[in-house]
Each structure stands twice: as C-alpha cells, then as structure tokens.
2 protein chains.
Amino acid sequence: MRHRILRAATQLFAEKGFSGTSVQAIADAVGIQKPSLLYHFPSKGALRDAAVDAVLDRWGDVVPKVLRAATNGENRFEATLGEVMQFFAADRDRARLLMREILDRPDPMRTRMQETFSPWIGLVTSTIRRGQQEGVIWPDLDPDAWVTNIVALVVTTFATNAVSGALFEADSLERRQREVLRIAHASLFIGG
Amino acid sequence: MRHRILRAATQLFAEKGFSGTSVQAIADAVGIQKPSLLYHFPSKGALRDAAVDAVLDRWGDVVPKVLRAATNGENRFEATLGEVMQFFAADRDRARLLMREILDRPDPMRTRMQETFSPWIGLVTSTIRRGQQEGVIWPDLDPDAWVTNIVALVVTTFATNAVSGALFEADSLERRQREVLRIAHASLFIGG
DNA sequence: CCTACCGATCGGTAGG
DNA sequence: CCTACCGATCGGTAGG
C-alpha cells in the first residue's frame, strides 16, 4: 500500500507540482480515504521527501552501470550519456519531479543532488581532464560546467517533453534526444 | 497600481509557482487588500496570463535586436545567442516563470511559445541551413532540434541559478553561461 | 480602494 | 483502514 501511495503521489507531484496536488487527490487516485493515507505517511511533506528519495535512490542503482560505461572500453562517451538518458527515459516523472523540486526548493535540492551526483560527476570530470591532457578534448572546456549543462539539458528535454509531444513545430522527443547526443559529442571532442 | 500588482505576482509565481502563491500573498506584497487586487485583475488565472504575456511581449521587443544580430556582420552567432542570454539575465523571473508554466500547462504554453518564437526560430534555422550548404556547420546537425536545445539550455541555466548560486560544487552562473556559449559554438561550427 | 462575508477545500487529528 | 471533525486558508463576491 505504501508503494501504491508513493507512486500516485510521485505522478501527481510530477504533473501538477507539490502545492498543486492535495492529499485528497492522492488518496482518491489510490482509492482510500485521506486519514488512511496519513497513517502511512505522517504528512504531505514526508510524502514529497519520499518521492524525491525514491528517484535519487534509483539513480544510485544505475550508477554502477554508468561508472562501468564511463571507465570501460571504446565508446565510453556514448555509453555513459546513454545510461543517463535511459534513466530519465525509463520514467518520465523523474525529470519533471526533479525540475519542480529544484524550482520549489533550490537550496535543499542542491544539497541532496550534490550528495547523490558528486561521486559520479567527479569521475566523469577527471576522465574529461585526462582527455584534455591527451589532446582529444577541447582544452577550453570547463569540465564541471560542461557536465552540469549536459545533465541539465537531458533533464529539461525529458521534463518538457514528458506529456504530449513537441515544444516547437517539427520537434519531437526523438529528434531532441539525438541532437542532445550530437551536441554533447561535438562540444566535447576536438574535431567533433 | 496594475503594474505593481503584476510585478509582485510575477515574482511570487516565479519563486513559489502559481498554486504555491495565494492572491492574499500577492495583495500583502503590494500592500493592499485582496478585493482591491481583484478589481484590477478579475481572477488569479487572469493574473497568471498577464504575467506570461508580459514576458513574451518583452521578448517581442528584443526580437528586432536579435534579428539584426542574426543577419548582420561578422560574429552573428555570438551576437544572437548573446541577446537571448541577456534577455533572461536581465530579469531572473523570466526563465523561472516560463519553465514553471511549461511544466504546469504544457499544451497551452507550447502554443503560446510557438507563436512567439516561430518567426525568430525560422530565421535562425534557415541561416543554419545556409551555413550547412556552405560547409561551415555540421551537416548532421538538426537545425530545429539544435535551436530548441540551446534555448532550453539557456532557460534552464537561468531558471535553476536564479536564486542562490551553484547547482553543483564549484559551479557558478558565470561559468555555466560561458560554457553554454562554448557548447553552442562547438556543436554548431565544424572544427569548433 | 475598503469591510464583511461566502462556500469549498486545505492539511491534519481524534478516536476507534 | 474508516467516520467524523478541526481551524485555517483558499479564490472570489456583495456592497459601498
């Protein structure tokens, strides 16, 4: 039951935002009464925290795969960014929930995301710096800012294309995803 | 008075979101009573529409400058993207308001933004296509998706850095802005 | 531009 | 997991 409540809450928070979602609406979606819901989660805020935790915890599950992709083999770049995109493609609520939380509570979310992403970002940026020393990556690239920007681009792409289709005419999620990959690649490696 | 109300509403909508902002809170910020506010704007929704209109109208004011930058002279690329970034840098509420509206009401906002940005996007993409024919821009670049992604990146950068400072460690708005410019440049022109 | 007020809904509790 | 209920606040209106 806890899980069903959390899933309904996550969906509604992603779609309508935290303050646009009432505890009653979540209870209705699950099919129980409001006080029953508040037995499983002591408050609406606790439900929000649990929803964010769930997303960031599942990122923790994927990190090993991403790290393996980032350190191994040939196409380490495509593999790493591919894992990141897959994480958000697998559940459209993730990007929208994170984006809303960053807007609603920037400071606590920055802390939470730093804790979650720091080890992964540290590895990626040090790999980038090695590539710069080897002369295959643009020397004027700012590794931290680059990673932040590319992740921000991925999150925004999925957050704004989560529901219907295109932000602009002739614009689809597929095309934007492909172009994100191309932009990341061309802005990383010398000579594209 | 209308203008003072609209400014307070825009600030609060940007900071707390539409459903996170009460009419009472806006009235308090202005220093008048709630019914007085509702004399100037018939409903909370009308206030929202007016706030979005104001942002998009001011974009309309900047478009001529952007178009001049996009069609003229040497550094047309730097000038065009510079104008876009300046638009969002000039008022931090703009990016947050637009991002929140896209999340809250994707379909109406897509329509509104298409109407506002289409002419400008059409000109930029046709300039890009010309550059592709001339062989100075990556041939596999998707012009529509590229413009959407770069604008999305700019909006996200300002929306998520509007209040305090950095999303991740050692990350500042300045560094992210500089890196956005570099990413856009390197992902556009062959050879960086 | 104000006071006074409306019904509806908010998050949450008591008590079983 | 439910019924019954709490005070506070919601957007908005009446009437001046």
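Values reported hereafter were calculated over all heavy atoms of this structure, with side chains retained and with hydrogens, waters and symmetry mates removed. We name chains A, B, ... by the order of the sequence lines, and we start the count at 1 in each one.
- A/Glu101 and A/Arg112 are not joined by a salt bridge, as no carboxylate oxygen comes within less than 4.0 angstrom of a charged side-chain nitrogen.
- At D/dC2, one or more side-chain N or O atoms of A/Ser36 fall inside 4.0 Å of OP1 or OP2 (strictly under the cut-off).
- Under 3.5 Å, the side chain of B/Lys34 and the base of D/dG11 form at least one donor-acceptor pair of N or O atoms.
- Between the P atom of C/dC1 and the CZ atom of B/Phe41 lies a distance of 12 Å, rounded to the nearest Å.
- In this structure, D/dA8 and C/dT9 make a Watson-Crick or G-U wobble pair, each of the two defining distances being under 3.5 angstrom.
- B/Arg94 forms no cation-pi arrangement with B/Phe88, by the criterion of a distance under 6.0 Å to the ring centre and an angle within 45° of the ring axis.
- Looking at B/Ser187 and A/Ser187, their side chains never bring a donor and an acceptor atom within 3.5 Å of each other.
- At a threshold of 4.5 Å between non-hydrogen side-chain atoms, the residues B/Ser19 and A/Thr21 do not count as touching.
- Two rings, from B/Trp138 and B/Phe189, have their centers 6.0 Å or more apart.
- Across all strands shown, D/dC2 pairs with C/dG15; the Watson-Crick or G-U wobble distances both stay below 3.5 Å.
- Listed by residue number, there are no residues of residues 21-29 of chain A with a heavy-atom contact under 4.0 Å to DNA chain D.
- B/Ile32 comes within 4.0 angstrom of the backbone, heavy atoms only, and of no base.
- With C/dC2, C/dC1, D/dG12 as the candidates, the nucleotide lying closest to the side chain of B/Gln33 is C/dC2.
- Residues B/Glu179 and A/Asp142 approach most closely at OE1-N, 3.1 Å, considering heavy atoms.
- Annotation: of the two residues near DNA chain C, A/Pro35 and B/Gly31, the 5′-most nearest-nucleotide partner is B/Gly31.
- Listed nucleotides: D/dG11, C/dT13, C/dC1. Nearest to the side chain of A/Leu38: C/dT13.
- You'll find the side chain of A/Arg100 reaches within 4.5 Å of the side chain of B/Asp104, heavy atoms only.
- When the P atom of C/dG12 is taken as reference, atom NZ of A/Lys44 falls 8 Å away, rounded to whole Å.
- Rounded to an integer number of Å, the gap from A/Tyr39 OH to D/dC2 P is 13 Å.
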